[in-house]
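It should be emphasised that the depicted structure is a prediction, and the values quoted were computed from it without experimental measurement.
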Amino acid sequence: MPKRSRSHQLETESIRRFEQTLPSRWVCRRKDNDYGIDLEVEIFNDRDEATGLIFFVQLKGTDDPSEARSVSMKVDRLDYLDKLDCPSVLVRYCSAGDIFHWKWLSNVFAEIGQPETKNVTVRFDESDAWSDADPEAIVHTLNVYRTIRVASRQLPLGLSIDDQGSEGPYAFELICAVAEITSFCQIIGASKSPTECLPVTVYIDGEYLRARIDVIASIAVHLNAFNRDEISAQLSYVLAYFASGYEFMSQARDLATLIQTRSFRCQSRYIAAAVAARLTDHPSLSGNLAALNGIHERQDEAYLLYIESLLSSNLPYEERLATVSRFYADALEFHAPAPLEQQAAIHYSFGNALRIAGTMSRAVQQYNMARRKYPNYLKRGYFLAELAAALYFCGRYKMSSTLYDHSYVVDPTPRVAICAGDAHLFCGHFAEAHRCYDAATKSDDIFESSEAALKGWMTSWVEEFSHHNQISYGWSNPSFWMSILKQNMDAGEQDHAIAACLILCYSAEDTISFWAQAMLLSMGGKDHRLQFATIACAVSAHGLAAYALFRDRLLEQGGPSDALHDIDQIVGDLNDKRNSAGQRGVTARLLREHHYDTVVEVPASP
């Protein structure tokens with residue numbers, strides 16, 4: 001007869017015993033263990049009312065007393081539990097002695113970090129043994145999780161001193177520091193209830209100030225002194241770190257204002273940089289915090305964390321340009337005694353930030369400073385292309401085309417070829433422009449190949465048009481092409497009108513309307529490759545916006561709605577490709593010994 005294995009018996013026994021350990025009013029629902037969850041536990045209060053508090057349980061049983069306080073876990077199983085909407089606990093049951101040890105998953109990850117192996121051993125302390133006080137502690141922790149995840153961010157922070165921090169030689173200084181912060185920040189109180197606040201407990205442990213949010217998060221910051229100013233400074237940063245990390249932003253701003261007012265410095269560069277980075281939607285305040293802590297002084301992870309957040313902020317660039325400029329100016333001043341290579345890297349990153357902001361002449365100045373201090377930049381394809389881009393938008397097309405050509409020799413990518421073609425086109429170097437565009441049409445990227453084909457067609461038209469009309473200037477002047485577009489539309493010259501409209505698509509300020517018009521004009525002809533290339537480039541530039549405008553105009557003019565079905569499908573596919581490709585951001589460079597060309601890509605703002 002078939003027999004049930006001991007492992008299956010132990011699994012059932014551990015679940016049954018754990019259910020018996022929990023308060024009887026709590027509801028336990030057994031789950032399919034294929035997904036790593038043994039129980040779903042819903043908490044009911046003393047009045048048998050549902051609280052909406054739920055947690056998951058992963059149980060691991062053993063008969064071996066020597067393994068009662070350790071268990072091997074698959075990392076992907078822990079990652080899965082961490083992604084669930086409800087918090088999870090890991091429970092170890094030892095049948096010999098009928099003992100449970102347990103931990104919240106957040107504490108498990110705090111101990112194992114980011115393992116590189118597929119399996120990890122989770123260890124339990126004696127203090128992790130199940131006790132009669134644990135159900136109440138679980139309810140408290142779940143309420144804190146609820147506050148963090150779903151509560152109004154207008155709830156105050158609740159700041160209290162742990163019992164072990166209310167004694168000892170520095171207890172009075174800690175009490176005074178807490179009093180100063182609560183009096184300055186009106187949205188910080190003394191409540192400990194997670195239904196009324198986000199509770200933070202603080203205490204001094206040796207040379208460290210420690211703060212924790214229940215068992216969910218904790219921070220320890222070294223104290224250089226034990227006076228109330230030092231304690232107030234470090235506590236302000238720790239609280240701002242917690243508040244900004246859990247998106248209690250008004251509380252974080254209040255704390256940052258206190259830090260700014262008192263000129264507090266943090267002992268941890270990372271904490272200071274993280275707080276400043278999370279407040280970049282308030283660039284002046286954020287910049288002051290970064291400057292106070294000298295984030296510009298050392299190009300480490302804290303430096304990158306801050307500048308990445310500042311460059312990728314959702315604020316319009318003009319609103320944060322002053323803060324960006326100040327940061328790099330401070331960095332250059334501090335690094336004045338440093339080797340020229342290090343100074344050059346700062347100039348380079350500053351130039352990229354200015355170029356993305358659209359301040360091209362200032363960007364060129366910074367790029368030039370970079371190459372003078374570190375001439376090897378002129379051997380780098382990325383540097384040549386970025387300087388060429390800034391020169392192009394300054395209208396210096398001849399120099400731009402030269403640098404793009406040199407960049408292509410070093411790094412022959414389709415994108416560089418297209419940019420080189422643009423610069424040659426506006427110089428009137430038609431043969432060179434054709435050469436560049438022809439090379440880019442071989443790209444495997446549908447948007448690059450379409451753009452190259454479209455611009456190759458434009459170049460042929462511009463060359464013939466300029467020769468016929470004896471024109472050798474004005475290629476980048478939108479007003480000139482506006483007049484050409486109007487004249488040829490009035491005259492019914494389809495090809496001329498399309499070409500002028502396409503040039504405006506790449507040279508005017510607001511181009512959505514021009515792309516819609518270019519699609520309308522191309523649909524009036526029979527060149528299907530031109531039609532597709534125009535649509536693909538419009539989608540690449542503006543997603544669905546230009547196409548939607550084209551569609552509206554076509555229907556308003558009595559165009560056939562049934563013909564749009566196939567085009568809608570094409571545009572939808574192109575837009576999906578555009579979205580999956582993402583957008584390039586700003587290139588920054590970290591200063592590392594012997595690694596001055598360490599590239600870091602900063603995401604572009606949405």
Side-chain angles (χ1 to χ4, degrees), residues 140 143-144 147-148 151-205 207-214 216-268 271-272 274-276 278-279 281-282 284-293:
H140 187 275
N143 274 312
V144 174
T147 297
I148 290 171
S152 166
R153 291 309 189 252
Q154 295 306 309
L155 280 177
L157 300 185
L159 183 57
S160 61
I161 300 174
D162 190 273
D163 290 341
Q164 69 184 91
S166 61
E167 302 175 356
Y170 310 112
F172 181 72
E173 282 76 8
L174 178 58
I175 292 170
C176 289
V178 169
E180 177 182 7
I181 291 172
T182 54
S183 64
F184 186 93
C185 303
Q186 299 300 314
I187 201 161
I188 297 179
S191 174
K192 299 181 181 180
S193 171
T195 60
E196 299 174 356
C197 66
L198 179 63
V200 181
T201 305
V202 299
Y203 60 99
I204 293 176
D205 180 17
E207 297 180 352
Y208 290 87
L209 172 71
R210 296 187 182 275
R212 58 182 171 81
I213 299 176
D214 197 76
I216 297 170
S218 64
I219 297 178
V221 180
H222 187 265
L223 294 170
N224 277 354
F226 294 93
N227 57 61
R228 66 195 63 167
D229 284 345
E230 170 70 354
I231 295 171
S232 293
Q234 304 316 310
L235 182 54
S236 296
Y237 277 100
V238 166
L239 292 174
Y241 181 85
F242 276 148
S244 59
Y246 291 122
E247 298 183 355
F248 285 71
M249 299 312 296
S250 59
Q251 297 87 330
R253 287 194 301 273
D254 278 359
L255 288 158
T257 301
L258 169 62
I259 289 168
Q260 176 182 258
T261 302
R262 294 291 308 277
S263 298
F264 285 152
R265 287 177 62 96
C266 186
Q267 298 300 337
S268 166
I271 290 176
V275 172
R278 293 166 182 170
L279 291 170
D281 283 351
H282 304 272
S284 178
L285 181 60
S286 171
N288 288 340
L289 263 61
L292 271 172
N293 289 279

Stacked cation flag Arg278 on Tyr241, 6.0 angstrom / 45 deg: yes

Any side-chain donor near an acceptor of the partner, Ser193 and Ser191, under 3.5 Å: no

Side-chain donor/acceptor of Asn293 to backbone N/O of Cys266, under 3.5 Å: yes

Main-chain N/O of His282 paired to Ser286 side chain as donor or acceptor, under 3.5 Å: no

Backbone of Ile188 reached by a side-chain donor or acceptor of Gln251 within 3.5 Å: no

Plane angle bin for Tyr208 and His222 - parallel if under 30°, tilted between 30 and 60°, otherwise perpendicular: perpendicular

Rounded distance [0.5 Å steps], OH in Tyr170 versus CG in Asn227: 10.5 Å

Closest contact, heavy atoms only, Leu292 versus Gln260: CD1-CA, 4.2 Å

Heavy-atom closest contact (Ile231 atom, Ala177 atom, distance): CG2-CB, 3.6 Å

Spacing of Leu159 atom CG and Leu235 atom CG [to the nearest 0.5 Å]: 5.5 Å

4.5 Å side-chain heavy-atom contact, Arg253 and Leu279: yes

Interatomic distance, Ile161 atom CD1 to Ile175 atom CD1 [nearest 0.5 angstrom]: 5.0 Å

Ala190 backbone acceptor or donor facing Ser160 side chain under 3.5 Å: no

For Arg262 against Asp229, the heavy-atom pair lying closest together: NH2-OD1, 2.9 Å

Short side-chain to backbone donor-acceptor contact, Gln234 and Arg265, under 3.5 Å: yes

Donor-acceptor under 3.5 Å (Glu247 side chain, Ser244 main chain): no

Heavy-atom closest pair, residues Phe172 and Arg228: CE2-NH2, 3.5 Å

Identified side-chain contact (heavy atoms from CB on, under 4.5 Å) counterpart of Leu239 within the set Val275, Asp254, Leu198, Leu255: Leu255

Side-chain (Asp214) to main-chain (Ile216) donor-acceptor, under 3.5 angstrom: no

Ser232 side, atom OG; Ile181 side, atom CD1 - distance, nearest 0.5 Å: 5.5 Å

Thr147 to Thr195 - nearest heavy-atom pair and separation: OG1-N, 4.5 Å

Donor + acceptor pair across side chains of Asn224, Glu230 (<3.5 Å): no

Tyr237 versus Ile271, closest heavy-atom pair with distance: O-CG2, 4.0 Å

Backbone of Val202 reached by a side-chain donor or acceptor of Arg212 within 3.5 Å: no

Between CD1 on residue Ile148 and CG on residue Leu155, distance to nearest 0.5 Å: 11.5 Å

Spatial distance of atom SG (Cys197) from atom CG (Leu157) [nearest 0.5 Å]: 8.0 Å

Close side-chain approach of Thr261 to Phe184, heavy-atom, < 4.5 Å: yes

